[in-house]
Student: 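Here it is, the structure, as structure tokens.
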Amino acid sequence: MKFGGTSMAGTERIRRVANIVRKQAALKPDGTRDEVAVVVSAMAGETDRLVNFCREANALYDPAEYDVVVASGEQVTSGLLALTLQSLGCKARSWLGWQLPVHTIEAHAKARIEDIDSEALLESLGRGEIAVIPGFQGLSGDGRITTLGRGGSDTSAVAVAAAIGADRCDIYTDVDGVYTTDPRIVAKARKLKAVTYEEMLELASVGAKVLQTRSVGLAMKEGVRVQVLSSFVDDNATPADALPGTMIVSEEEMNELVEKGEMERQHVTGIAHDKNEAKIILTRVPDRPGAVANIFEPLAKASINVDMIIQNVGRDKGETDVTFTVPQADLARAQALLEDQRGNIGFNRIITDSKIAKISVVGVGMKSHAGVASNMFRALAERGINIQAITTSEIKVSVLIDEDETELAVRVLHTAYGLDAKDEAA
Ligand code: ADP
Ligand code: ASP
Ligand code: MG
């Protein structure tokens, strides 16, 4: 079971979480009992607060010390949940990342889990103790605290589930499942009973932050059954075993659900948006072999991820404009690097814009159905929304637009692909 920041925000909410955990771990009518490991996030807002402290202390902070600071949020909530469970009469203890340990690579602030020692954990579970594990944190090979990148507790939960061979990994959050789009933006978003790993991976990577992208990739690789559901339920709510949330399933399972009439087959499953990218245009780059490599090599060396790329041909005199996007947080660094390489690349001007948004439509159905992209372009055009760049994958089409038009674009596309919830009253 994993509980996110909103679910853990304050002792009152932690008590509600403890109640959900207690019920899951309780003796069942048939005399059996589930063994339960719980992964928790820091209280909502806490990690942001800690990140700010680091910035104030030293703008060029050492990522290893940053990890020492930001990992503390989860240490607090794991101890508090163990205490609250004990107050409800449950046997519970916390297991910090360095105690298990959760082994990660040394890349501070964006570490990847390599392996989790599960022996002591399994013994403890076998003794009937509920294990409470802080998400987001681990231990590097050289014995220092690491963190997994923002939203990383989802990945901790899936990794723990894989390590102990759990039957299921229930991700409890502040919405009751995965929706056709962010339900905080589109009131008519519909909850999906199931979504495939592949679609969820794509949705997460293009901005649906309900699950961290890496957690979905790991679940897919390790075959972990993941369910997304709400922790904001009253004491008499249906237990998680009765599937009230969204199940992440394989394509075969999805086909079975469609055949049984439990899911509708759609060409587009969901729509996501991402306002965290920035656009860079380099004008009048020489149109010759190696020119594009000269642009992207220095960015790659600096670990700056480039997402969308367009090279406009057709300028006179063997010149071309190159447009691409980078994470907003890396824009200043990317710009400085490119300026530095101006002589080598040979461009005329750098134009940047961080007031952009990427809107993506995702669905496995588009593998076998033509016209999804053209419907998207038509629907946006009819509302006067201009497209600045386009990328596609087998199951996704993304466009770059003006940030101010984000909500409108998501709503228009949600309607255009027939995803709006039917009006209950109608
Ligand atoms: P937690 O703190 O539990 O990890 P997050 O804030 O990271 O929670 O993720 C939950 C949020 O994800 C929701 O509040 C919702 O606004 C957002 N979200 C974005 N896209 C979707 C989607 N397609 N379905 C459900 N929630 C979504
Ligand atoms: N507390 C961390 C964050 O806010 C990890 C998480 O909540 O998943 O990013
Ligand atoms: Mg999250």
Side-chain angles (χ1 to χ4, degrees), residues 1-9 13 17 38-52 66-67 69-78 97 109-111 113 133-138 146-160 169-195 199-216 226-232 245-246 248 268-276 359-363 406-407 410 413-414 419 421:
M1 305 173 84
K2 180 260 175 177
F3 294 88
T6 322
S7 311
M8 296 297 290
R13 289 189 182 174
V17 165
V38 189
V39 172
V40 295
S41 285
M43 295 189 195
E46 179 63 7
T47 309
D48 287 339
R49 195 175 74 98
L50 295 169
V51 170
N52 276 330
Y66 162 96
D67 278 350
V69 177
V70 299
S72 67
E74 273 77 6
Q75 170 156 346
V76 172
T77 48
S78 57
K110 49 176 182 226
I113 296 176
I133 300 162
F136 188 48
Q137 55 173 256
T146 52
T147 64
L148 306 181
R150 299 306 304 271
S153 295
D154 296 329
T155 304
S156 306
V158 171
V160 167
C169 178
D170 286 344
I171 306 269
Y172 284 86
T173 181
D174 55 4
V175 286
D176 60 355
V178 177
Y179 280 69
T180 45
T181 193
D182 189 340
R184 294 184 200 286
I185 291 204
V186 179
K188 285 182 173 169
R190 260 190 303 124
K191 190 170 93 181
L192 297 163
K193 187 171 189 166
V195 58
E199 286 169 318
M200 194 61 236
L201 189 64
E202 197 85 55
L203 278 170
S205 73
V206 293
K209 68 161 185 168
V210 59
L211 289 177
Q212 197 200 30
T213 311
R214 210 178 253 171
S215 71
V216 187
V226 174
Q227 179 177 218
V228 178
L229 62 178
S230 174
S231 73
F232 291 81
T246 299
I248 319 293
V268 168
T269 302
I271 297 170
H273 69 278
D274 183 356
K275 294 183 178 176
N276 292 319
I359 313 293
S360 308
V361 301
V362 172
T406 309
E407 278 77 15
V410 173
L413 294 173
H414 200 265
L419 297 175

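Order of listing sets the numbers, starting from 1, for every ligand and every atom in it.
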Student: Establish, from distance only, whether the side-chain atoms of D67 and T146 form a donor-acceptor pair under 3.5 Å.
Tutor: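 No - no donor-acceptor pair under 3.5 Å links their side chains.
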Student: Heavy atom under 4.0 Å from ligand 1: found in K209's side chain, backbone, both, or neither?
Tutor: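 Both backbone and side chain.
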Student: With respect to L211, which candidate in V195, I248, V158 satisfies the side chain to side chain contact (heavy atoms under 4.5 Å, CB included) definition?
Tutor: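 Result for side chain to side chain contact (heavy atoms under 4.5 Å, CB included) with L211: I248.
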Student: Tell me, with the steps shown, if R150 and V51 meet side-chain contact (heavy atoms from CB on, under 4.5 Å).
Tutor: CA-CA 11 Å; R150 299 306 304 271; V51 170; 4.1 Å; yes
Student: With no hydrogens and no angle check, is any side-chain donor or acceptor of E202 less than 3.5 Å from a backbone partner on V362?
Tutor: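 No, E202 side chain to V362 backbone: no donor-acceptor pair under 3.5 Å.
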Student: Going by heavy-atom distance to atom 26 (N) of ligand 1, choose the closest among T246, I271, V210.
Tutor: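 When every heavy atom of T246, I271, V210 is considered, V210 comes closest to atom 26 (N) of ligand 1.
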Student: Within a distance under 4.0 Å of any heavy atom of T47, pick out the atoms of ligand 2 and give their elements.
Tutor: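 Near T47, the atoms of ligand 2 are 1 (N), 2 (C), 3 (C), 4 (O).
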Student: Consider ligand 2: state whether an atom of it lies below 4.0 angstrom from any non-hydrogen atom of G152.
Tutor: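 G152: in contact with ligand 2 (<4.0 Å).
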Student: Distance check, rounded to the nearest 0.5 Å: D154 atom CG versus R214 atom CZ?
Tutor: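 It is 12.5 Å, given to the nearest 0.5 Å.
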Student: Considering only the protein, which heavy-atom contact is closest to atom 1 (N) of ligand 2, and what is its distance?
Tutor: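 Answer, as residue, atom name and distance: E74 OE2, 2.6 Å.
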Student: Using a 6.0 Å cut-off, check whether atom NZ of K191 has over 12 heavy atoms from anything other than its own residue.
Tutor: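 Atom NZ in K191 is crowded, with more than 12 foreign heavy atoms closer than 6.0 Å.
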Student: So if I count the atoms of ligand 1 from 1 in the order they appear, which ones are less than 4.0 Å from some heavy atom of D174?
Tutor: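 The list of qualifying atoms is 10 (C), 11 (C), 13 (C), 14 (O).
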Student: Is there a polar contact, in the sense of an N or O pair closer than 3.5 Å, between D154 and ligand 1?
Tutor: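 No, no N or O pair falls under 3.5 Å.
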Student: If you measure from CE on M43 to CD on E74, what distance do you get to the nearest 0.5 Å?
Tutor: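 Nearest 0.5 Å value for the CE-CD distance: 11.0 Å.
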Student: Any nitrogen or oxygen of K2, side chain or backbone, less than 3.5 Å from one on ligand 1?
Tutor: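 Right, the criterion is met.
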Student: With heavy atoms only and a cut-off of under 4.0 Å, state how E46 meets ligand 2: side chain, backbone, both or neither.
Tutor: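 Neither part.
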Student: Please work out which of F3, Y172, Y179 has its closest non-hydrogen atom nearest to atom 23 (N) of ligand 1.
Tutor: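 Heavy atom nearest to atom 23 (N) of ligand 1 belongs to Y179.
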Student: Looking only at N/O atoms, are G151 and ligand 2 under 3.5 Å apart anywhere?
Tutor: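 Yes, G151 has an N/O under 3.5 Å of an N/O on ligand 2.
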Student: Would you mind running through ligand 1 and noting each atom that sits below 4.0 Å from a heavy atom of A208?
Tutor: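 Checking each atom against A208, I get 20 (N).
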Student: Quick one: does ligand 1 sit under 4.0 Å from the side chain of T180, the backbone, both or neither, non-hydrogen atoms only?
Tutor: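 No part of T180 is near ligand 1 at this cut-off.
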Student: Please could you name the atoms of ligand 1 that V178 approaches to less than 4.0 Å, counting only its heavy atoms?
Tutor: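 Answer, ordered by atom number: 24 (N).
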Student: Any side-chain heavy-atom pair from V160 and K2 closer than 4.5 angstrom?
Tutor: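 Contact flag for V160/K2 side chains = no.
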Student: Going by the closest heavy atom to atom 20 (N) of ligand 1, which one wins out of D182, T173, I171?
Tutor: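 It is D182 that holds the nearest heavy atom.
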Student: Within the structure, does K2 bring an N/O atom to less than 3.5 angstrom of an N/O atom in ligand 2?
Tutor: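 No, there is no polar N/O contact under 3.5 Å.
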Student: With distance as the sole test, does T155 use its side chain to make a donor-acceptor pair with the main-chain N or O of S215 at under 3.5 Å?
Tutor: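 Side chain of T155 to backbone of S215: a pair is present.
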Student: First locate atom CD1 of I271, then atom NE2 of H414, and finally report the distance between them rounded to the nearest 0.5 Å.
Tutor: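 Nearest 0.5 Å value for the CD1-NE2 distance: 5.5 Å.
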Student: For ligand 1, is P183 a contact, meaning one of its heavy atoms is under 4.0 Å away?
Tutor: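 It does, in that a heavy atom of P183 comes within the 4.0 Å cut-off of ligand 1.
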Student: For ligand 1, is any non-hydrogen atom under 4.0 Å from V175's backbone (N, CA, C, O), its side chain (CB onward), both, or neither?
Tutor: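 Answer for V175: side chain.
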Student: Donor-acceptor pair, S156 side chain versus F136 backbone, under 3.5 Å?
Tutor: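 Checking the backbone N and O of F136 against the side chain of S156, a donor-acceptor pair under 3.5 Å is found.
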Student: Do any nitrogen or oxygen atoms of D154 come within less than 3.5 Å of a nitrogen or oxygen of ligand 2?
Tutor: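 So ligand 2 has no N or O lying under 3.5 Å from an N or O of D154.
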Student: If I apply the N/O under 3.5 Å rule, does S41 come out as touching ligand 1?
Tutor: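 No.
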Student: Please say whether G5 places an N or O atom under 3.5 Å from an N or O atom belonging to ligand 1.
Tutor: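 Among all N and O atoms of G5, at least one is under 3.5 Å from an N or O of ligand 1.
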Student: When you measure from atom 6 (C) of ligand 2 to every protein heavy atom, which one gives the shortest distance, and what is it?
Tutor: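 Going by distance alone, atom 6 (C) of ligand 2 is nearest to S153 OG, 3.3 Å.
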Student: Among V40, V17, T77, whose side chain to side chain contact (heavy atoms under 4.5 Å, CB included) with S7 holds?
Tutor: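 Result: among V40, V17, T77, V17 is the only option passing the side chain to side chain contact (heavy atoms under 4.5 Å, CB included) with S7.
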Student: Without hydrogens or angle criteria, can the side chains of T6 and D174 be said to hold a donor-acceptor pair below 3.5 Å?
Tutor: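 Distance-only check passes for T6 and D174.
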Student: Please could you name the atoms of ligand 2 that R150 approaches to less than 4.0 Å, counting only its heavy atoms?
Tutor: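 Those of ligand 2 that fall under 4.0 Å from R150 are 3 (C), 4 (O), 9 (O).
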Student: With no hydrogens and no angle check, is any side-chain donor or acceptor of E46 less than 3.5 Å from a backbone partner on G73?
Tutor: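 Between the backbone of G73 and the side chain of E46 there is no qualifying donor-acceptor contact (under 3.5 Å).
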Student: Pull out every atom of ligand 1 sitting under 4.0 Å from any heavy atom of G177, numbered as shown with elements.
Tutor: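 Heavy-atom distances to G177 below 4.0 Å select 24 (N), 25 (C).
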Student: Where the side chain of T246 meets the backbone of L192, is there a donor-acceptor pair that is under 3.5 Å apart?
Tutor: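 Yes: the side chain of T246 pairs with the backbone of L192.
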Student: With a 4.0 Å cut-off on heavy atoms, is A189 in contact with ligand 1?
Tutor: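 No heavy atom of A189 comes that close to ligand 1.
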Student: Enumerate the atoms of ligand 2 whose separation from the nearest heavy atom of S41 is less than 4.0 angstrom.
Tutor: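 Near S41, meaning under 4.0 Å from one of its heavy atoms, ligand 2 has 6 (C), 7 (O), 8 (O).
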